[in-house]
Amino acid sequence: MDKKLPWTIKYRPRSLSEVVDQESAKNELLSWIKQWLSGKPLDKKAVLLYGPAGCGKTSLVEALARDMGLELVEMNASDFRRREDIERIALASSLQRSLFGKGKVILLDEIDGLSGMADKGGAEAILQLIEGTKWPIIMTANNPWTHDLKPLRDLARMIEVRRLRNTDVVVALKKICGLEKIYCEDDALKVIADRSEGDLRSAINDLQAIGEAYGKVAVSLVEAMTAYRNREYAPFEALRNLFNSRYAWMARNALLQSNIDYEQMLLWINEHIPTYFSDPEEVWRAYEALSRADVYRGRIVKTGNWDLLTYVMDMAGPGVALSRKITKFHWVKFTRPERFDLVFKSRRARELRTAIAEAFSNRLLMSKRSFTAEVLPYLYIVFQNNPEYAAKISMAYGLTNEMISFLAGPRAREIMSYVKKYSRRS
Amino acid sequence: MSTAQEYELLWAEKYRPRTLDEIVNQRDTVIRLRKFVEEKNMPHLLFAGPPGTGKTTAAHCLAHDLYGDNYRAYILELNASDERGIEVIRSKVKEFARSIVSGEVPFKIVLLDEADNMTPDAQQALRRLMELFTINTRFILIANYPSKIIEPIQSRCAVFRFTSLSKDDVVSRLKWIAEKEGVELEDEALEVIYELSEGDMRRAINVLQASSALGKVTVEYVYRVVGLAHPREVREMVKSALAGDFTGARGRLRELMISYGLSGLDVIKQVHREIFGAELKLPEELKVLIADYAGEIQYRLTEGSDDEIQLNAFLARLALLGKKFKVS
């Protein structure tokens with residue numbers, strides 16, 4: 001399937017001059033690496049770049065490498081979590097000369113993702129790596145102040161990358177709109193920037209979600225999406241309290257304290273049960289409890305009996321939290337539920353599917369729902385395998401080009417050319 | 001398939017019987033329905049039976065024979081799955097019933113399909129509607145499960161039970177269509193279609209058409225069509241879950257529900273088919289355990305309000321069972 005490049009990748013800065021803002025970080029980084037490469041002795045052989053998500057840490061390093069003509073050896077902590085991996089890959093590349101005779105810079109991305117049981121020894125391996133390295137090492141982290149990272153903090157030069165200003169975000173977004181030739185309202189970009197809170201990556205993602213779906217970026221479209229997000233803005237603390245609570249009352253309180261409505265909260269819990277729990281039995285017990293909570297919620301809807309709400313809370317709070325077998329506080333990152341984005345991104349697709357169902361269901365004497373479940377799968381087969389036949393069906397049911405693309409994917413063009421041929425004839 | 005014609009209907013539409021005489025099965029039912037046409041009078045009707053047995057078609061044929069080719073002007077077609085609540089149904093019926101009946105048939109027909117998808121409360125409201133407009137309207141209710149229709153409605157209707165189609169009925173109909181379409185055909189393929197479609201004529205015809213669009217109707221092609229029609233994601237989802245990759249399985253579930261537009265019920269039914277299917281090769285004992293929980297979740301799907309949460313519980317259970325049975 002034709003997957004388009006995420007704009008956050010497509011529009012990564014090519015050189016330091018393209019990096020938005022961050023002048024002091026740029027300068028400090030440049031002077032450090034120049035000193036490294038000139039062979040003068042250094043007090044710190046590694047740098048720890050830190051700052052909030054999406055403010056451009058990784059991009060900064062990539063741009064630096066390109067400007068200095070260095071080969072970037074990138075390691076993402078989420079890919080290499082075990083000590084053996086880090087040792088094997090990083091040690092090997094830090095000692096050897098570069099393949100292309102170029103100098104190298106080693107990037108250890110998101111090292112704060114390393115903390116936790118699975119990565120025991122990870123920090124230690126990095127320490128070793130820094131001690132023995134022949135090349136500059138740059139690490140990045142969102143939050144460098146955790147206990148696990150203490151030894152690394154001592155060994156590395158700390159450079160802060162700051163949260164971006166909203167005006168900088170707007171400028172960056174505007175540039176992308178220009179390059180993508182998408183019409184955008186200035187106010188819409190401001191709304192996106194405001195809600196990104198200095199996270200350029202999330203801002204660009206929002207821009208792409210709206211721009212690609214609608215071909216333009218208007219305030220109304222942005223607000224439709226941000227309305228979704230504002231409400232869910234701060235359940236992080238509630239989630240942390242909930243999952244880590246030791247007693248039933250704590251879990252209940254965590255739920256009641258959250259400032260988003262309980263239906264949204266259930267979706268956040270739904271997303272993060274597997275983030276927090278790793279043992280399959282815990283995961284199942286937690287979902288079983290959440291499933292019961294959802295059943296009580298369904299009964300409220302059907303009977304209008306709001307007294308049942310307390311049982312929803314019981315199962316979604318203590319029910320989920322106390323599914324774990326041992327009580328041990330641990331920190332996990334709670335992110336926005338994927339499902340929200342999926343639903344938003346697939347909105348156009350769902351509209352199309354409904355339109356297709358409407359074109360057929362009345363004539364097949366069935367509901368749109370049954371059409372989607374029972375007939376649509378066969379239409380996909382015909383449209384993806386026999387363009388000529390698909391063209392004839394399209395004409396019989398008056399399908400638009402967009403509907404044809406939806407059904408046929410890459411073969412849509414062939415179908416459309418048949419449609420053109422036939423309509424000319426008749 | 002002739003190349004001269006430039007439009008191609010779905011055969012489920014093209015070869016649907018238009019009059020009661022064209023219906024080849026459900027003989028007793030058809031005989032009784034013809035009486036209504038002769039007398040130009042009928043009570044409220046309830047058509048019940050499995051999918052693809054001709055309930056909706058029979059209702060349209062009846063209306064056609066009563067009112068003639070332009071029959072759709074005299075009936076109000078509603079589908080309980082698509083209408084938003086009883087209020088919408090009430091206002092539509094009201095408006096429809098208010099207009100005056102002309103012609104020799106003294107009533108109009110409200111056709112309510114998938115009526116068993118209505119809640120008992122909505123059905124109570126429907127019952128009052130049926131009484132209110134009984135002078136100049138008749139209701140035909142269509143349902144898969146008559147037991148899901150409340151007693152007071154059942155007792156006001158003449159109930160017609162539609163039975164699953166026999167193998168002969170399905171095969172001979174498919175053969176007839178294939179001849180008309182000039183399709184290249186293996187007789188054995190038709191029997192396979194019958195087996196796979198479980199007596200559901202519409203499904204059988206869809207498989208026949210898709211298979212012929214791929215080139216020919218052979219056993220091999222039929223299996224290919226049926227394989228393609230069930231999104232592979234269902235099987236892959238079950239496999240990932242059993243292998244312990246819960247998050248991966250959940251991702252596929254979202255794909256099925258959000259991108260393919262399947263309801264939770266559709267998903268759990270297809271999962272059930274997969275469990276006992278030949279592809280997954282599960283230990284016998286495990287099949288039973290999974291089926292049991294699938295049944296529980298299917299029930300909760302109707303009780304609860306978020307399909308994904310319910311199915312996540314199912315997938316988490318699979319991950320746990322997979323670990324116990326060392327499925328990989």
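So you know, we letter chains A, B, ... as the sequences are listed, proteins then strands, and number each from 1. Because only heavy atoms are used, hydrogens play no part in the values below, and waters and symmetry mates are left out as well, while side chains stay in. Since the model is a prediction, treat every value here as computed from it, not as a measurement.
Enclosure of atom OH in Tyr311(A) is not indicated, since only 12 or fewer non-hydrogen atoms of other residues, nucleotides or ligands lie within 6.0 angstrom. Residue-environment remark: NZ (Lys302(A)) exceeds the threshold of 12 foreign heavy atoms within 6.0 Å. Under a cut-off of 6.0 angstrom, the local environment of CD in Glu184(B) is sparse, with at most 12 non-hydrogen atoms contributed by other residues, nucleotides or ligands. Heavy atoms from other residues, nucleotides or ligands lying under 6.0 Å from CZ of Arg348(A) number more than 12. Other residues, nucleotides and ligands place more than 12 heavy atoms under 6.0 Å from the CZ atom of Phe325(B). Counting heavy atoms of neighbouring residues, nucleotides and ligands inside a 6.0 Å radius, atom CD of Glu13(B) exceeds 12 of them.
Of the possible donor and acceptor atoms, none in the side chain of Asn386(A) sits under 3.5 Å from a partner among the backbone N and O of Leu214(B). Side-chain N or O atoms of Arg250(B) include one that pairs as donor or acceptor with a backbone N or O of Glu271(A) at under 3.5 Å. Although no hydrogens or angles enter the test, the distance criterion places no donor-acceptor pair under 3.5 Å between the side chain of Asp294(A) and the main chain of Gly304(B).
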Would Ile258(B) and Arg339(A) satisfy side chain to side chain contact (heavy atoms under 4.5 Å, CB included), going step by step from the backbone distance to the final call?
-> CA-CA 9 Å; Ile258(B) 299 172; Arg339(A) 178 170 146 188; 4.3 Å; yes

Going through the distances and angles, do Val295(A) and Gln310(B) end up as a side chain to side chain contact (heavy atoms under 4.5 Å, CB included)?
-> CA-CA 9 Å; Val295(A) 166; Gln310(B) 296 304 338; 3.8 Å; yes

Begin from the C-alpha positions of Tyr293(B) and Trp284(A) and carry the test side chain to side chain contact (heavy atoms under 4.5 Å, CB included) through to its verdict.
-> CA-CA 12 Å; Tyr293(B) 200 60; Trp284(A) 175 61; 3.1 Å; yes

Leu9(B)/Tyr397(A) under side chain to side chain contact (heavy atoms under 4.5 Å, CB included): CA gap, chis, key distance, verdict = CA-CA 8 Å; Leu9(B) 293 174; Tyr397(A) 292 89; 3.8 Å; yes

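The heavy-atom pair separating Arg16(B) from Arg363(A) by the smallest distance is NH1-O, 3.1 Å. Closest non-hydrogen pair, Ala316(B) versus Tyr287(A), comes out as CB-CD1, 3.9 Å. Across Ile381(A) and Ala229(B), no two heavy atoms sit closer than the pair CD1-N, 3.8 Å. The two residues Thr247(B) and Pro274(A) come nearest to each other via the heavy atoms OG1-CB, 4.3 Å. The two residues Ala313(B) and Ser291(A) come nearest to each other via the heavy atoms CB-CB, 3.9 Å.
Between chain A and the options Leu318(B), Thr57(B), Ile309(B), the largest number of non-hydrogen pairs under 4.5 Å is found for Ile309(B). Among the candidates Ser81(B), Gly52(B), Gly251(B), the residue making the largest number of heavy-atom pairs closer than 4.5 Å to chain A is Ser81(B). Of the residues considered (Asp121(B), Asp113(B), Thr119(B), Val207(B)), Val207(B) shows the highest number of contacts with chain A, using heavy-atom pairs under 4.5 Å. The candidate with the highest count of non-hydrogen atom pairs below 4.5 Å against chain A, out of Leu315(B), Thr302(B), Asn79(B), is Asn79(B). In terms of heavy-atom pairs under 4.5 Å with chain A, the best-connected choice from Thr56(B), Asn312(B), Asp266(B) is Asn312(B). Put simply, of Lys323(B), Arg300(B), Met257(B), Lys324(B), the one with the most heavy-atom pairs under 4.5 Å next to chain A is Arg300(B). Contact tally against chain B (heavy-atom pairs below 4.5 Å) for Asn362(A), Ile269(A), Thr372(A): the top residue is Asn362(A).
Neither the backbone nor the side chain of Val226(B) comes within less than 4.5 Å of any heavy atom of chain A. Only the side chain of Arg353(A) comes within contact range of chain B, with at least one heavy atom under 4.5 Å from a heavy atom of that chain. Only the side chain of Leu267(A) comes within contact range of chain B, judged by heavy atoms closer than 4.5 Å. Heavy atoms closer than 4.5 Å to chain B are found in the side chain of Phe360(A), but not in its backbone. When heavy atoms are compared at a cutoff of 4.5 Å, Glu77(B) approaches chain A solely by way of its side chain, counted from C-beta outward. With a threshold of 4.5 angstrom between heavy atoms, Ser346(A) approaches chain B through side-chain atoms but not through N, CA, C or O. Interface residue Leu379(A): only side-chain heavy atoms are found under 4.5 Å from chain B. Proximity to chain B is limited to the side chain of Asp279(A), based on heavy atoms less than 4.5 angstrom apart.
Here the straight-line distance linking atom CG of Leu364(A) with atom NZ of Lys14(B) works out to 13.5 Å at 0.5 Å rounding. The CZ atom of Arg297(A) sits 13.5 Å away from atom CD of Glu303(B), with the distance rounded to the nearest 0.5 Å. Residue Lys55(B) holds its NZ atom at 12.0 Å from CG of Leu365(A), rounded to the nearest 0.5 Å. Once rounded to the nearest 0.5 Å, the distance linking CZ of Arg317(B) with CZ of Arg285(A) reads 11.5 Å. Here the OG-OH distance, from Ser211(B) to Tyr378(A), works out to 11.0 Å after rounding to the nearest 0.5 Å. From Glu388(A), atom CD reaches atom CD of Glu8(B) across 10.5 Å, with rounding to the nearest 0.5 Å.
Side chain to side chain, Asn206(B) and Glu374(A) fail the donor-acceptor criterion of an N or O pair below 3.5 Å.
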